[in-house]
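The next block holds one structure in the form of structure tokens; read it before the comments.
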Amino acid sequence: MNDAVRNNNPAGNNNKHGELLDCCGGLNNVDYSKMDLTVTEAFLKHVNFQDSGFCVAVAAIIFNPFFWNLVARWEHRTHRLSRLFGSPYLACYCLGFVIILLNVYRSHSMTVAMKSQARWEVMDTTYVFYAGAALMVLGTLLVVSSFLALGFTGTFLGDYFGILMDEKVTGFPFNTVENPMYWGSTANYLGLALIGASPVGLVLTAIVAVSYKVALWFEGPFTEHIYEERCQRRKHD
């Protein structure tokens with residue numbers, strides 16, 4: 001019977017016991033030298049990662065969310081800004097004004113970096129231009145509508161100053177996309193990169209998206225913690 005079972009195996013099937021098979025033969029069998037990297041190489045040729053303007057833009061992108069999270073948490077813990085300005089509202093307005101200035105500088109530094117580096121003819125088409133324009137319209141809509149829904153203090157970390165909202169905002173655009181202010185801003189930068197046919201703009205936009213994602217890992221749970229503290233205080237009262 002053992003012979004019969006062995007004879008039923010297809011001839012030439014010499015797979016050793018313990019080898020793993022898959023439909024592609026395993027990634028170890030892929031000849032990476034034959035992969036077509038022409039597009040990637042052409043893209044990277046248009047990006048100068050050592051350019052001073054690029055480095056300044058990256059620094060501004062990373063610094064901004066780090067700064068406002070650090071200052072806001074410090075304020076929540078110590079209330080130093082509120083005491084300095086004599087009011088949590090005034091302190092929040094001042095921090096918000098500083099954040100606006102930092103974001104303006106970030107946008108300026110990204111624009112300078114895009115203008116100083118080469119355009120890519122592959123992106124320099126009418127369709128890409130209109131796609132970029134549509135993204136900027138969408139991004140602006142998300143940013144403006146979320147600001148109107150949250151108000152100034154809701155937008156600029158008023159929660160950390162003890163300026164809490166009565167209830168969670170669930171209307172547009174929050175019923176459409178989570179964190180619309182951040183992703184609207186990212187859409188604006190992506191649209192600007194497409195309009196300018198700028199490969200370095202795409203790289204900088206990706207860095208913006210990653211920096212926002214990291215910021216949300218810190219902001220989301222901490223903001224929920226602030227509102228949970230309020231709920232606990234109300235229960236005790």
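In this chain, numbering begins with 1 at the start of the sequence shown.
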Q.
Can you confirm whether Y227 is buried at OH, in the sense that more than 12 heavy atoms of other residues, nucleotides or ligands lie under 6.0 Å from that atom?
A. yes
Interatomic distance, OG@S107 vs CG@L204, rounded to 0.5 Å, equals 11.5 Å
Just wondering, are more than 12 heavy atoms of other shown residues or ligands nearer than 6.0 Å to OH in Y127? no
Could you tell me whether the side chain of V200 reaches within less than 4.5 Å of the side chain of V47, counting heavy atoms only?
yes
Below 3.5 Å, can you tabulate the donor-acceptor pairs from side chains in residues 206-221 to any protein atom, sequence neighbours excluded?
unit_1 : atom_1 : unit_2 : atom_2 : d
S211   : OG     : I207   : O      : 3.3
S211   : OG     : V208   : O      : 2.8
Y212   : OH     : R106   : NH1    : 3.1
Y212   : OH     : R106   : NH2    : 3.0
Y212   : OH     : S185   : OG     : 3.3
E219   : OE1    : Y182   : OH     : 2.9
E219   : OE2    : W68    : NE1    : 2.9
E219   : OE2    : N69    : ND2    : 2.9
E219   : OE2    : Y182   : OH     : 2.7

Same hydrophobic cluster for L141 and Y130, using side-chain heavy-atom links shorter than 4.5 Å among ILVMFWY? no
Rounded to the nearest 0.5 angstrom, the OG-CH2 distance for S146 and W183 is 13.5 Å
Rounding to 0.5 Å, atoms OG (S145) and CG (L150) come to a distance of 9.5 Å
Check your understanding: Does Q50 CD have over 12 foreign heavy atoms under 6.0 Å away?
Key -> no
Heavy-atom nearest pair, F49 first then V203, reads CE2-CG1, 4.1 Å
**Item:** Working for side-chain contact (heavy atoms from CB on, under 4.5 Å), residues N64 and Y105
**Value:** CA-CA 10 Å; N64 283 14; Y105 180 76; over 6 Å; no
From the list I61, V58, V56, side chain to side chain contact (heavy atoms under 4.5 Å, CB included) with M110 holds only for I61
Quiz item: Any side-chain heavy-atom pair from L190 and L202 closer than 4.5 angstrom?
Solution: yes
Side chains of K115 and T111, heavy atoms from C-beta outward: is any pair under 4.5 Å? yes
Notebook entry, point to check: Is Y189 linked to V137 within one hydrophobic cluster, defined over Ile, Leu, Val, Met, Phe, Trp and Tyr using a side-chain heavy-atom separation of less than 4.5 Å?
Noted result: no
Check: Y89 and I163 side chains under 4.5 Å, non-hydrogen atoms: yes
Minimal heavy-atom distance between A60 and S109, with the atoms involved, is CB-OG, 3.8 Å
Review point. Do T176 side-chain atoms and F172 backbone N/O form a donor-acceptor pair below 3.5 Å?
Key: no
Sequence neighbours excluded, the answer for side chain to side chain donor-acceptor pair (under 3.5 Å) partners of N48 is none
When every non-hydrogen atom of A72 is compared with those of L157, the smallest separation belongs to CB-CD1, 3.7 Å
Do you reckon L101 sits in the same ILVMFWY cluster as F156, going by side-chain contacts under 4.5 Å, direct or chained?
-> no
Correct closest heavy-atom pair for M181 and T155 would be CE-CG2, 3.4 Å
Heavy atoms of P173 and L142 approach each other most closely as CB-CD2, 3.8 Å
Worksheet item: Is the closest side-chain heavy-atom distance between L81 and F161 below 4.5 Å?
Response: yes
- prompt: Is it true that atom CZ of F66 has more than 12 heavy atoms of other residues, nucleotides or ligands lying nearer than 6.0 Å?
  reply: no
- Task: Please say whether more than 12 non-hydrogen atoms of neighbouring residues, nucleotides or ligands are located less than 6.0 Å from CZ in F97.
- Result: no
Parallel, tilted or perpendicular: which one describes the rings of F222 and Y160, with boundaries at 30° and 60°?
parallel
_For R80, I'd like to know if atom CZ has over 12 heavy atoms of other residues, nucleotides or ligands within 6.0 Å._
no
Heavy-atom nearest pair, R83 first then T78, reads NH2-O, 3.0 Å
Name the atoms and distances for all side-chain donor-acceptor pairs under 3.5 Å in residues 192-199, with sequence neighbours left out.
unit_1 : atom_1 : unit_2 : atom_2 : d
S198   : OG     : G201   : N      : 3.0

Shared ILVMFWY cluster between L70 and I99, side chains joined below 4.5 angstrom?
-> no
To the nearest 0.5 Å, atom CG of L95 lies from atom CG of L90 at 11.5 Å
dist E75:CD -> R73:CZ (nearest 0.5 Å) comes out at 14.0 Å
